[in-house]
Amino acid sequence: MSVRVRFAPSPTGSLHVGGLRTALYNYLFARRHNGVCVLRIEDTDQTRLVENATENIIEALNWAGIGFDESPVAEGPYGPYVQSQRLDIYAEHAKLLLDNGAAYYAFDTAEELDQMRERQKQAGVVPRYDRSIMRNQYTLGEEETQRLLDESVPFVVRLKVPLTGDIRVHDIVRGEIVVQAREVDDQVLMKSDGFPTYHLANVVDDHMMRITHVIRGEEWLPSTPKHVLLYQAFGWEMPQFAHLPLLLNPDRSKLSKRQGDVSVEDYRLKGYMPEALVNFVALLGWNPTSDREIFSMQDLIDTFDLAKVNKAGAVFDVQKLDWVNSQYMRSASPEEQVETLLAELHKRGYGNIGNEYAAHLIELFRERVHRASEIPDFAPYMFAPPEHFDEQYKLQYGGEDLQQLVSGLIPKFMLMEEFTATAVQQIAKEHSKEEGVKMGQIINPLRLMLTGKPVGAGIFETMELLGKEECIRRIQDFTA
RNA sequence: GGCCCCUUCGUCUAGUGGUUAGGACACCGCCCUUUCACGGCGGCAGCAGGGGUUCGAGUCCCCUAGGGGUCACCA
């Protein structure tokens, strides 16, 4: 049987980097085994829908280079791929369970459930739906149940979990997991608004969409026994499960907002390259070898192995991400980064920067920054004359010798026709020889006057990019 | 708190009974050098603890500790 996997986000916000990792592993696994990767939108909670969330998630996935064979925007044989469009299917299946005794009607109100839980808490027992005393078809009787249904009294459908026995689940990542049935709650399957809960919809869809491997986050592990029970109640073959370790904050709690950026969109906006984010995130929880850090999507596909996924959570270390991004930045062509730089400049209100100039900037600074978007901070003087001059640097190189240097150099610069890095360097070298001063005594003062900062790219390359007029103007302004 | 999962350098990890416990990021030092970077070389640093099993345990078992997840008509 050919492999079919799915990534099933709910459209409640932007795509989380943890979600990206889950989507990626599904994608890699599918591609590795020449299988099919499905994108399914789980929008069964009408109260949490966020406008455009589905579009944003798909866009983020596209940006990352993760493609789907079947999705809401690429219909396949098992659609629709949006759960809110499959309501009749779930109702039908709930009926099936009701008929074979695996599920039952319950009429309790939210208040009644709260009271039940409160009583259980007081009594020191674990809160769980008590079907022997609450208002459901067992306590009410067939006749009363029918009457309530006829009167359209709101109801839910609950899973009838066995009171005894063990539930076993085999997980590809974790091995055998055993839970006692009495620890499992009578999960609501159909809500009173007629929508299914995740548990029902997920099992029904995975079965109907012929999913062979359920690859999802570890947070789903505790509810997997309910899913197992559902497969059994339907008499369906179970898919294989693989629960992925969580992505963690530096303090090892589940990766969350408030402790940094968590959405793919955040990283895109910060200027990270999609290849770098994917590469970095792929290696959080899985590693093909460990003697290499840089992997293209194809490399990842060729080496991906679910069985080698780690069990423990992985801290999302932004410093490592920065390094990975810097690696990609160096091997990519400057043109690829132009848009990122321009977007950042636009954000800061620097206008009139051309594509060609931007590409040159990237070429000049890419070994000194982690992202193209850092260039404005690293070298603000490339966009406007320096306003601040480093105090220490100024003390060291802005002294008396400077006037003499400038008066000797400026005329030479002015006579230049080709203001290229090599030409400027040539002039500087000649001057160094003639005047008997070290190159450092020329380069550093120039850097001070032109950039105001003691750090930067090669000064001659910087000057070429700045242009002859601008360089002369800055030198004159500084000494004025 | 109940249940479930997890535990190799600060971080990401390699390791599937016999290794001087390897690599990468970060950090530190040296070299290169036109500053800063890049690059090269080197350094710091780890098997949570305790019991077993075994000739031999990072690797297998048990316990403890610690961490995390989850306990909704949310996914």
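So that the names make sense, note that chain A is the first sequence line, chain B the second, and so on, each numbered from 1.
Residue Arg252(A) places no side-chain N or O under 4.0 Å from the OP1 or OP2 atom of C5(B). Contact check, Arg117(A) against C73(B): a side-chain N or O comes under 4.0 Å of OP1 or OP2. Listed pair Lys308(A) / G15(B) meets the phosphate criterion, a side-chain N or O lying under 4.0 Å from OP1 or OP2. Regarding contacts with the backbone of G2(B), every side-chain N or O of Lys121(A) stays at 4.0 angstrom or more from both OP1 and OP2.
Nearest-nucleotide positions on RNA chain B place Val455(A) closer to the 5' end than the other of Gln327(A) and Val455(A). Position along RNA chain B of the nearest nucleotide to Met439(A) versus Pro245(A) favours Pro245(A) as the more 5'-ward residue.
Less than 4.0 Å separates RNA chain B from at least one heavy atom of each of the following residues of residues 151-174 of chain A: Val156(A), Arg158(A), Arg174(A). The stretch residues 196-206 of chain A touches RNA chain B through Pro196(A), Thr197(A), Tyr198(A), each having a heavy atom under 4.0 angstrom from the strand. Contacts of residues 362-374 of chain A with RNA chain B (heavy atom under 4.0 Å): Glu367(A), Arg368(A).
Relative to the six-membered ring of Phe378(A), Lys453(A) meets both conditions, a distance below 6.0 Å and an angle of at most 45° to the axis.
For the pairing with Phe280(A), the ring-ring contact (aromatic ring centres under 6.0 Å, His included) check across Tyr328(A), Phe316(A), Tyr272(A) returns one residue only, Phe316(A).
The partner of U20(B) is absent, by the rule that a Watson-Crick or G-U pair needs both atom distances under 3.5 Å.
The backbone N or O of Leu321(A) sits nowhere less than 3.5 Å from a side-chain atom of Asn325(A) that would complete a donor-acceptor pair.
Comparing G58(B) with U19(B), their P atoms sit 9 Å apart, to the nearest whole Å. Between U13(B) and U7(B), the two P atoms lie 11 Å apart (nearest whole Å).
In this structure, Phe316(A) reaches neither bases nor backbone, as no heavy-atom distance under 4.0 Å exists between it and the strands shown.
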